[in-house]
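Only one structure is covered here, and it is reproduced in the block below.
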Protein chains: 2
Amino acid sequence: MLKDFECTQESYAKGILREKGLKSTAQRLAVVHVLHTSGKSLSVGEIHDGVKEMLGVTGLATIYRTLEVFEDLGIVKRLHFPDGGHGYAFSQGEHVHHMVCVGCRVVFDFPECPVESFDYASVEKQGFRVKDHFIQLFGQCGKCAEAA
Amino acid sequence: MLKDFECTQESYAKGILREKGLKSTAQRLAVVHVLHTSGKSLSVGEIHDGVKEMLGVTGLATIYRTLEVFEDLGIVKRLHFPDGGHGYAFSQGEHVHHMVCVGCRVVFDFPECPVESFDYASVEKQGFRVKDHFIQLFGQCGKCAEAA
DNA sequence: ACGTTAAATGAGAATATTTATCAACTGAGC
DNA sequence: GCTCAGTTGATAAATATTCTCATTTAACGT
């Protein structure tokens with residue numbers, strides 16, 4: 001099942017799911033496929049539509065549940081937009097940041113971490129201990145730059 | 001009106017509002033006061049409660065509208081949490097990043113920008129032009145560290 | 001102070017988004 | 001193939017957010 005869509009990214013997801021004792025269902029693999037092939041950040045509704053196109057009837061709740069699981073596993077990242085909306089993007093690997101085109105929401109990976117070598121002294125002086133961070137870059141991709 | 005709560009932060013907000021031809025209403029100043037005095041990131045509901053405590057009856061829609069205006073003006077920042085929730089924090093000045101305690105949601109300002117001197121070559125090579133960024137640090141404040 | 005006017009508010013309906021429930025179904029290992 | 005825990009679909013329920021419009025009010029000029 002889903003043989004036609006088999007690819008590195010789905011194997012990657014399968015591996016992580018198995019590792020955690022979770023099932024590789026058609027719905028979950030379809031979410032990976034939709035997100036990865038789009039190369040963009042998609043809304044829950046868009047993901048739902050994409051999955052339905054692949055599998056036929058699919059419950060919306062399943063999409064929400066899958067995205068939650070995948071976020072915990074680091075397979076997808078939730079991205080936030082300046083307009084207040086949010087979406088999900090495929091994300092292979094734990095510590096990758098993303099850059100999103102505000103025009104078409106295309107996502108580029110950003111493996112180097114800008115804060116890795118950053119000195120937190122100014123906040124840690126106040127008794128704070130930094131444990132994690134969220135970074136997202138906004139910009140314009142080549143295509144959207146031309147169109148404008 | 002609201003004389004008792006007059007403070008630097010409210011004058012700051014008033015100034016920006018006047019500059020833009022917007023009104024300094026009791027509701028708007030109350031939002032500033034609630035957010036600033038709490039020193040934390042608050043949910044829309046918490047802000048609504050705080051404002052009602054100050055002014056009595058206040059429409060929830062007004063809180064949403066105020067937060068939208070304030071975000072555009074840079075008076076508040078919308079923060080996102082690992083659990084998927086979000087909140088708003090007072091933010092004086094355009095380019096300030098924030099660090100949030102995941103325990104109590106206390107917010108510390110973080111004026112130095114970790115990406116300011118960062119080299120975007122790796123993504124700009126792909127035709128991308130970086131225009132903005134969103135950075136948020138997570139951690140534990142002194143109090144929450146003790147409690148744990 | 002007073003009047004004028006555009007901006008803002010409150011109330012609640014209307015939408016949109018997300019979560020919860022539970023019986024039926026299915027992938028993974030034996 | 002059989003079994004069982006994990007997963008799904010359908011839909012209700014709960015949350016969250018936006019919209020509408022009559023009424024109110026801050027800001028400004030006089």
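Letters A, B, ... are given to chains in the order of the sequence lines, protein chains preceding strands, and every chain is numbered from 1.
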Next item on the list: Would you please confirm or rule out a distance under 4.0 Å between OP1 or OP2 of dA26(D) and any side-chain N or O of Q27(B)?
Entry: no
Next item on the list: Each residue besides F118(B) in its hydrophobic cluster should be listed here, by chain and number; the cluster joins Ile, Leu, Val, Met, Phe, Trp and Tyr at side-chain heavy-atom distances under 4.5 Å.
Entry: M99(A), V106(A), F108(A), F110(A), V115(A), F118(A), Y120(A), V123(A), F128(A), V130(A), I135(A), L137(A), M99(B), V106(B), F108(B), F110(B), V115(B), Y120(B), V123(B), F128(B), V130(B), I135(B), L137(B)
Next item on the list: Mind calculating the distance between NE2 (H48(A)) and C1' (dT11(D)) to the nearest angstrom?
Entry: 13 Å
For nucleotides 16-19 of chain D, give me every protein contact, N/O to N/O, under 3.5 Å, one pair per line with atom names.
from	atom 1	to	atom 2	distance (Å)
dT17(D)	OP1	H86(B)	NE2	3.2
dT17(D)	OP2	Y64(B)	OH	2.5
dT17(D)	O5'	Y64(B)	OH	3.4

Notebook entry, point to check: Expressed in angstrom and rounded to an integer, what is the separation of L29(B) atom CG from dA26(D) atom P?
Noted result: 10 Å
Note to self: Listing request: all salt bridge (Lys or Arg N to Asp or Glu O under 4.0 Å) pairs with a residue in residues 29-40 of chain B, at least two apart in sequence or in separate chains.
What the structure shows: none
Next item on the list: Answer yes or no: does a side-chain N or O of T25(A) lie under 4.0 Å from OP1 or OP2 of dT26(C)?
Entry: no
Check: What is the distance from CZ of R18(B) to C1' of dC28(D), rounded to the nearest Å?
Finding: 12 Å
Margin query: For E10(B) and H33(B), which I'm curious about, is there any donor-acceptor pair between the side chains at under 3.5 Å?
Written below: no
Notebook entry, point to check: In a check of ring-ring contact (aromatic ring centres under 6.0 Å, His included) between H36(A) and each of F70(A), Y88(A), F90(A), which one passes?
Noted result: F90(A)
Margin query: Give me each pair satisfying side-chain hydrogen bond (donor to acceptor under 3.5 Å, both in side chains) with a member in residues 47-62 of chain B, each pair once, sequence neighbours excluded.
Written below: T62(B)-R65(B)
Checklist line | Rounded distance (Å) that lies between atom P of dG6(D) and atom CZ of F70(A) | finding: 17 Å
Check: Say you draw a straight line from CD of Q136(A) to CG of D132(B); how long is it, rounded to the nearest 0.5 Å?
Finding: 10.5 Å
Next item on the list: Report the distance from atom CG of L55(A) to atom C1' of dC25(C), rounded to the nearest whole Å.
Entry: 15 Å
Next item on the list: I would like to know whether S122(B) and E112(A) meet side-chain hydrogen bond (donor to acceptor under 3.5 Å, both in side chains); could you show each step before the answer?
Entry: CA-CA 9 Å; S122(B) 78; E112(A) 311 109 37; 3.1 Å; yes
Listed pairs, N/O of protein and of nucleotides 2-7 of chain C, under 3.5 Å:
from	atom 1	to	atom 2	distance (Å)
dA7(C)	N3	K23(B)	NZ	3.1

Checklist line | Length of the line joining L73(A):CG and dT7(D):P, which is rounded to integer Å | finding: 10 Å
Checklist line | H97(A) side chain to H133(B) side chain, donor-acceptor N/O pair below 3.5 angstrom | finding: no
Check: Rounded to whole angstrom units, what separation is found between the CD1 atom of I63(B) and the P atom of dT15(D)?
Finding: 20 Å
Check: Whole Å only: how far is the CG atom of L67(A) from the P atom of dT8(D)?
Finding: 11 Å
Next item on the list: Give every residue pair that meets the side-chain hydrogen bond (donor to acceptor under 3.5 Å, both in side chains) criterion with at least one member in residues 138-148 of chain B, sequence neighbours excluded.
Entry: K131(A)-Q140(B)
